[in-house]
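As structure tokens, the structure follows; a few thoughts come after it.
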Amino acid sequence: MTVTLFVWIVVALIAIGVYLSWTAGRLDRLHSRIDAARAALDAQLLRRASVTQELATSGVLDPAASIVLYEAAHAARQAEEDHREVAESELSTALRAVFGEPAQVEAVKEVPGGEDAATELAAAVRRVPMARRFHNDSVRAARALRRHRTVRLFRLAGHAPFPLAFEMDDAPPVALADRPGT
């Protein structure tokens, strides 16, 4: 009788060990996915700021709009990690202020080189919300798993920091968001 009980205890311990190992692996994969999503988000934010700065210095826009966009894009590129969300939100606000009307986009398109600049900016502006959504979905999944009692009890997350969502105003200007063909 004791041998059978011992075998069942060993089987139960192995099953628990396999479950804990699988859960730790899943959590590790989620953290890796967060890192990859954050890198993609950073790339899209950098692309948006770079395209905005390029457009602001190209002479296509009027001087006031150029200054507003250049300063907002420069602030977004140079922002410390703690202030990045605010700086990126301010860039979104500046883009909506400058490109709030379709007439401004049409004026940019009429200038030589303006069609390409407007197309590139529209593509960059539309990719930011998608990248941010993908990142935040990964963060939400990791947070949900980390809240499980088993993960907390056995410290399966190790020393990995608690994942934080990237919250910013990423609403694109209407005139740029609805450009067909890009």
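We count residues from 1, following the sequence as given. The analysis underlying the following values was restricted to heavy atoms, covering all of them including side chains, and did not include hydrogens, waters or symmetry mates.
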Side-chain hydrophobic cluster, 4.5 Å single linkage: members besides L5: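 When side chains under 4.5 Å apart are linked, the cluster holding L5 also contains I9, L13.
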
Cluster companions of I67 among Ile, Leu, Val, Met, Phe, Trp, Tyr (side-chain spacing under 4.5 Å):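 Traced through the cluster, I67 reaches no other member.
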
Using 0.5 Å steps for rounding, measure from the [atom1] atom of [X] to the [atom2] atom of [Y].
X    : Y    : atom1 : atom2 : value
T150 : L156 : OG1   : CG    : 8.0 Å
L45  : F166 : CG    : CZ    : 5.0 Å
R33  : R29  : CZ    : CZ    : 10.5 Å
L145 : L27  : CG    : CG    : 5.0 Å
D28  : T23  : CG    : OG1   : 12.5 Å
H83  : E80  : NE2   : CD    : 7.0 Å

Qualifying residue for salt bridge (Lys or Arg N to Asp or Glu O under 4.0 Å) with D170, from R126, R96, R132: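 Filter result, single survivor: R132.
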
Whether over 12 other heavy atoms sit under 6.0 Å from F162 CZ: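 Enclosed: over 12 neighbouring heavy atoms sit under 6.0 Å from CZ of F162.
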
Donor-acceptor contact below 3.5 Å, side chain S21 vs main chain V18: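 Between the backbone of V18 and the side chain of S21 there is no qualifying donor-acceptor contact (under 3.5 Å).
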
Backbone N/O of E167 and side chain of E85: donor-acceptor pair under 3.5 Å: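 Side chain of E85 to backbone of E167: a pair is present.
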
Closest non-hydrogen atom pair between [X] and [Y], with its separation:
X    : Y    : result
A131 : Q44  : CB-CG, 3.9 Å
S92  : D169 : OG-O, 2.6 Å
A56  : L69  : CB-CB, 4.1 Å
A76  : L91  : CB-CD2, 4.1 Å
R143 : P163 : NE-O, 3.0 Å
R48  : M168 : NH2-CE, 3.6 Å

Sidechain N-carboxylate O distance under 4.0 Å for R84, D42: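 Judged by the 4.0 Å cut-off on N to carboxylate O distance, R84 and D42 do form a salt bridge.
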
D35 with R38: basic N within carboxylate O range, under 4.0 Å: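 R38 and D35: not salt-bridged.
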
State plainly whether one hydrophobic cluster holds both [X] and [Y], where clusters connect Ile, Leu, Val, Met, Phe, Trp and Tyr through side-chain heavy atoms under 4.5 angstrom apart.
X    : Y    : result
L41  : I34  : no
F99  : V60  : yes
Y19  : L153 : yes
V98  : V111 : yes
M130 : F134 : no

Min side-chain heavy-atom separation L61-Q104 under 4.5 Å: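 Contact flag for L61/Q104 side chains = yes.
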
Contact check, side chains of L95 and L121, non-hydrogen atoms, under 4.5 Å: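 When only atoms from C-beta onward are counted, L121 and L95 do touch, with a gap below 4.5 Å.
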
Residues E54, V51; criterion side chain to side chain contact (heavy atoms under 4.5 Å, CB included); working and verdict: CA-CA 5 Å; E54 188 177 309; V51 170; 5.5 Å; no

Verdict with supporting geometry, R146 and H31, side chain to side chain contact (heavy atoms under 4.5 Å, CB included): CA-CA 11 Å; R146 286 183 71 153; H31 283 148; 3.3 Å; yes

